[in-house]
Amino acid sequence: MKELSQILKNKTPKSKIRELFDLAAGRSDVISLGIGQPDFDTPRPAILGNIEALKKNITHYAPTRGIPELLEQVGKKVKTINGIHTEPSENIIITNGGSQALTLTFASIFNPGDELLLFSPNFISYFYLGPFFGVNVKEIKRKEDFSPNFEDLENSITSRTKAILINSPNNPTGYTFTPQEMRTLKDIVLKNDLYLISDEVYENYIYEDDLKHISPGAMDDMFERTITLNAMSKLFSATGFRLGYAVARKEIVDLMEKYHQYTVAGTNHAAQYGFLEALKMDNSFFDEILAQYKERRNLTYTCLKEMGFTVVRPSGAFYIMPSLETFNISSQEFSMRLMEEMGVAVVPGNIFGSFSDNKLRISYATELDKLKEAMNRIADFIETL
Ligand SMILES: Cc1ncc(COP(=O)(O)O)c(C=O)c1O
């Protein structure tokens, strides 16, 4: 038979993560610190909004860009929360989660051979999407504390560089950009005539009082060259709704709409009413949840440090990325054995780029009691090394 897609077969990074999670199959004692899924219930207004829409037989194709009420509501949200001023019908498109907002961005701004720069380690999908669109993803190694290395970034820019992609707060490192870093980034983007892709799905998960989420698309001269992505998934613990959005200048959203039309023909119509109701909520519903996540962050960081890991205290998202440098074991072996011997799932760092082979990604989106138990098991495991 003729050969199947080379891009899908060969050009994507290899990961043994499936093997790791296969080890969990059929076991009831496993505590998963592997997945990026918030553990609280999706707020009722979101669910009821969806149900009410279904009761009204809203079961047919939605407008390709999204229902006008939702576009307006997202427009209000990005204006009041992010400081980005839009014409919703021109600058916003509703997507199937943050994932598809990323796909639309790659589809609309890149040509084969273009280069994309990002700080590494970083979110796994960025590395896969590059080859899908013929884009060369260049990794800029983060500093030891996971902060961005702007000197290396500038030195890596070539005539083929089209864009920089950031994700702050970050999956997997938990790093959040400071205002000064965002200004430095902006200067580099403007000086080199680049686009900036800003994945903001963790904007609400910041634990330090002196840090605030910054949307670069709201900075002077940046709207035209910034694509801002976000989703319902993390703030509303609604990863299964599969809804998100992209904000960009009109020409970019027009191209996104084309790709959207001919690949998925829109997003779930009734679910958009759920997202609409969720966005109408006052974000104070999240205060108590954030406090709990902060407690989990503190617990995880303290335990890992006490166990002897070299670990940076994350300021945002719900991940922590300890280094295994004090233990003589690879991240792949550590994760496989930890799962097999102790029933705790953590993700080996090598799937988040080329510079995190000796690191683990641990998600602390898990209730405190389970988290404590998982930390005890990891401590027991370390004793066996
Ligand atoms: C940084 C980042 N961007 C995008 C996504 C995808 O979001 P969604 O589940 O809404 O597609 C994730 C999911 O974990 C993520 O961590």
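Every number for a ligand or one of its atoms is a count from 1 in the order of the listing. Model, not experiment: these values are computed from the prediction. Heads up: numbering here begins at 1 and tracks the sequence. All heavy atoms count here, side chains included; hydrogens, waters and symmetry mates do not.
Checked against a 6.0 Å centroid threshold, the rings of Tyr202 and Phe318 count as neighbours.
Using a distance-only test at 3.5 Å, with no hydrogens or angles considered, no donor-acceptor pair links the side chain of Arg225 to the main chain of Leu196.
The shortest non-hydrogen separation linking Pro216 to Met182 is CD-CE, 4.0 Å. Minimum heavy-atom separation, Lys162 to Asp114: NZ-OD2, 2.7 Å. Smallest separation of non-hydrogen atoms from Tyr175 and Asp145: CD1-O, 3.6 Å. Closest of all the heavy-atom pairs between Gly308 and Thr326 is O-OG1, 2.8 Å.
Annotation: Gln100 places no N or O atom under 3.5 Å from an N or O atom of ligand 1; distance criterion only. Considering backbone and side-chain N/O of Tyr319, none are found under 3.5 Å from N/O of ligand 1. For ligand 1, the polar-atom distance check against Asn96 finds no nitrogen or oxygen pair separated by under 3.5 Å. Residue Ser233 places at least one N or O, backbone or side chain, under 3.5 Å from an N or O of ligand 1. Residue Gly98 places at least one N or O, backbone or side chain, under 3.5 Å from an N or O of ligand 1. Residue-to-ligand polar distances place Arg242 within reach of ligand 1: an N/O pair is separated by less than 3.5 Å. Polar contact check, Asn167 against ligand 1: no nitrogen or oxygen pair lies under 3.5 Å apart.
Contacts of Thr239 with ligand 1, taken as heavy-atom pairs under 4.0 Å, are absent altogether.
With hydrogens left out, the protein atom closest to atom 12 (C) of ligand 1 is Phe123 CZ, 3.4 Å, a heavy atom. Ranking protein heavy atoms by distance to atom 3 (N) of ligand 1, first place goes to Asp199 OD2, 2.6 Å. If you check which protein heavy atom lies closest to atom 13 (C) of ligand 1, you get Lys234 NZ, 3.2 Å. Taking atom 6 (C) of ligand 1 as the reference point, the nearest protein heavy-atom neighbour is Ser99 OG, 3.4 Å.
Interatomic distance, CD1 of Ile94 versus CG of Asn268, reported as 12.5 Å (0.5 Å rounding). Separating the OG atom in Ser315 from the CZ atom in Phe146 is a distance of 11.0 Å, to the nearest 0.5 Å.
Here is the list of ligand 1 atoms found below 4.0 Å of a heavy atom in Tyr202: 1 (C), 14 (O), 15 (C), 16 (O). Close contacts between ligand 1 and Ala231 involve ligand atoms 10 (O) [criterion: under 4.0 Å to a heavy atom]. For ligand 1, the atoms sitting less than 4.0 Å from at least one non-hydrogen atom of Tyr126 are 1 (C), numbered in the order shown with element in parentheses. Atoms of ligand 1 lying under 4.0 Å from any heavy atom of Gly97, numbered from 1 in the order shown and given with element: 10 (O), 11 (O). Remark: ligand 1 atoms within the under-4.0 Å shell around heavy atoms of Val201 are 1 (C), 2 (C), 3 (N), 15 (C).
Between the side chains of Asp199 and Tyr126, at least one donor N or O lies within less than 3.5 Å of an accepting N or O.
Salt-bridge annotation for Arg296 and Asp39: present, with a side-chain N of the basic residue lying under 4.0 Å from a carboxylate O of the acidic one.
Aromatic ring orientation, Phe236 versus Phe285: parallel (interplanar angle below 30°, classes split at 30° and 60°).
Using a non-hydrogen distance threshold of 4.0 Å, Phe318 does not register as a contact of ligand 1.
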